[in-house]
Undergrad: 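One structure, pasted below without further comment.
Everything numeric in this text was worked out from a predicted model, so none of it was measured.
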Amino acid sequence: QVQLVESGGGLVQAGGSLRLSCAASGLTFSSSAMGWFRQAPGKEREFAARISWSGGTYYAESVKGRFTISRDNAKNTLYLQMNSLKPEDTAVYYCAASSLRVASDRVRSYDYWGQGTQVTVSS
């Protein structure tokens, strides 16, 4: 019954910004670690960012300094603010939820996944 629904993806030019949202239901959001992953065609799903129940944030080196993950527990919503986008950021972005308070950068650390939202960055 857990449901994660991403939104906010789209087409932007290099250097532009997007804000992704993930609306969660069916779980105790405030005590769940959350994360964002991305997957390009023909590539494995890779870690982008995560946030613990207490607000600690962690980023992949490829996005550090450009992306910001945050959460609004009152709205059961996870966000990913993406700035200074590059063509190599093009991928389907997935939000993920863990039953634990603190997770990791591994796919197996997460129990629930959204359907994904497409982000395309043009040159």
Side-chain angles (χ1 to χ4, degrees):
Q1 197 167 347
V2 173
Q3 188 173 9
L4 304 175
V5 181
E6 302 99 330
S7 62
L11 173 64
V12 298
Q13 293 184 322
S17 299
L18 282 175
R19 189 196 194 199
L20 305 184
S21 298
C22 175
S25 61
L27 79 166
T28 306
F29 183 83
S30 61
S31 62
S32 299
M34 303 291 295
W36 287 99
F37 289 74
R38 62 188 187 179
Q39 187 169 24
K43 302 292 182 64
E44 292 189 343
R45 191 168 300 185
E46 68 173 13
F47 168 77
R50 65 182 173 93
I51 185 168
S52 73
W53 76 298
S54 59
T57 58
Y58 308 87
Y59 300 91
E61 286 297 320
S62 58
V63 308
K64 190 176 297 182
R66 300 187 297 120
F67 291 10
T68 302
I69 188 172
S70 62
R71 63 194 299 160
D72 186 338
N73 290 341
K75 297 181 178 180
N76 282 13
T77 302
L78 178 74
Y79 302 99
L80 185 67
Q81 178 66 48
M82 304 186 294
N83 299 326
S84 301
L85 284 163
K86 305 174 181 179
E88 49 262 47
D89 294 319
T90 295
V92 176
Y93 283 70
Y94 299 89
C95 68
S98 174
S99 60
L100 303 175
R101 295 180 177 180
V102 181
S104 73
D105 59 346
R106 297 181 179 181
V107 169
R108 293 194 178 195
S109 294
Y110 299 86
D111 303 296
Y112 310 102
W113 296 84
Q115 82 290 343
T117 185
Q118 178 70 48
V119 172
T120 303
V121 185
S122 62
S123 300

Undergrad: Scan for disulfide (SG to SG under 2.5 Å) pairs involving residues 7-43, sequence neighbours excluded, and state none if there are none.
TA: Cys22-Cys95
Undergrad: Is the backbone N or O of Val121 less than 3.5 Å from a side-chain atom of Thr90, with the two atoms forming a donor-acceptor pair by type?
TA: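 Yes: the side chain of Thr90 pairs with the backbone of Val121.
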Undergrad: Between CD of Gln1 and CG of Leu27, what distance do you get to the nearest 0.5 Å?
TA: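 Going from CD on Gln1 over to CG on Leu27, the span is 11.0 Å.
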Undergrad: Return each pair, listed once, that meets salt bridge (Lys or Arg N to Asp or Glu O under 4.0 Å) where at least one residue sits in residues 50-71; pairs must be two or more places apart or across chains.
TA: Glu61-Lys64, Arg66-Asp89
Undergrad: Got a sec, which residues hit ring-ring contact (aromatic ring centres under 6.0 Å, His included) with Phe37, two or more places apart in sequence or on another chain?
TA: Phe47, Tyr110, Trp113
Undergrad: Could you tell me whether the side chain of Trp53 reaches within less than 4.5 Å of the side chain of Leu100, counting heavy atoms only?
TA: no
Undergrad: Using the rule that Ile, Leu, Val, Met, Phe, Trp and Tyr join whenever any side-chain heavy atoms are under 4.5 Å apart, tell me whether Leu85 and Tyr79 fall into a single cluster.
TA: no
Undergrad: Applying side chain to side chain contact (heavy atoms under 4.5 Å, CB included) between Phe29 and each of Asp72, Asn73, Thr77, report the one that passes.
TA: Asn73
Undergrad: Just how far is it from atom CD of Gln81 to atom CG of Leu18, taken to the nearest 0.5 Å?
TA: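 One gets 8.5 Å once the value is rounded to the nearest 0.5 Å.
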Undergrad: Are Lys75 and Ser21 close enough that some pair of their side-chain heavy atoms sits under 4.5 Å apart?
TA: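 Result no, sub-4.5 Å side-chain heavy-atom pair not found.
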Undergrad: Heavy atoms, side chains only, cut-off 4.5 Å: are Tyr58 and Asp105 in contact?
TA: no
Undergrad: Can you run down the side-chain hydrogen bond (donor to acceptor under 3.5 Å, both in side chains) pairs that involve residues 4-17, sequence neighbours left out, and say none if there aren't any?
TA: Glu6-Gln115, Ser17-Asn83
Undergrad: Please examine the side chains of Glu44 and Val107, heavy atoms only from C-beta on, and report whether any two atoms are closer than 4.5 Å.
TA: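 Sidechains of Glu44 and Val107: no contact.
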Undergrad: Would you check if Val119 and Leu20 make a side-chain contact, meaning some heavy-atom pair closer than 4.5 Å?
TA: yes
Undergrad: Can you run down the disulfide (SG to SG under 2.5 Å) pairs that involve residues 24-55, sequence neighbours left out, and say none if there aren't any?
TA: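 Output for this query is empty, none listed.
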Undergrad: Transitively linked via ILVMFWY side-chain contacts under 4.5 Å: Leu80 with Val92?
TA: no
Undergrad: Nearest 0.5 angstrom please: Ile51 CD1 to Ser32 OG, how far?
TA: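 If we round to the nearest 0.5 Å, Ile51:CD1 and Ser32:OG are 12.0 Å apart.
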Undergrad: Please list, chain by chain and in numerical order, all residues satisfying side chain to side chain donor-acceptor pair (under 3.5 Å) with Lys43, sequence neighbours excluded.
TA: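 Counting only residues at least two positions away or on another chain, Lys43 forms no side chain to side chain donor-acceptor pair (under 3.5 Å).
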Undergrad: How many angstroms lie between CZ in Arg38 and CZ in Arg45, if you round to the nearest 0.5 Å?
TA: 13.5 Å
Undergrad: Are Leu78 and Tyr94 connected into the same hydrophobic cluster when the rule is that any two of I, L, V, M, F, W, Y join if their side-chain heavy atoms are below 4.5 Å apart?
TA: no
Undergrad: Would you check if Ser109 and Ser98 make a side-chain contact, meaning some heavy-atom pair closer than 4.5 Å?
TA: no
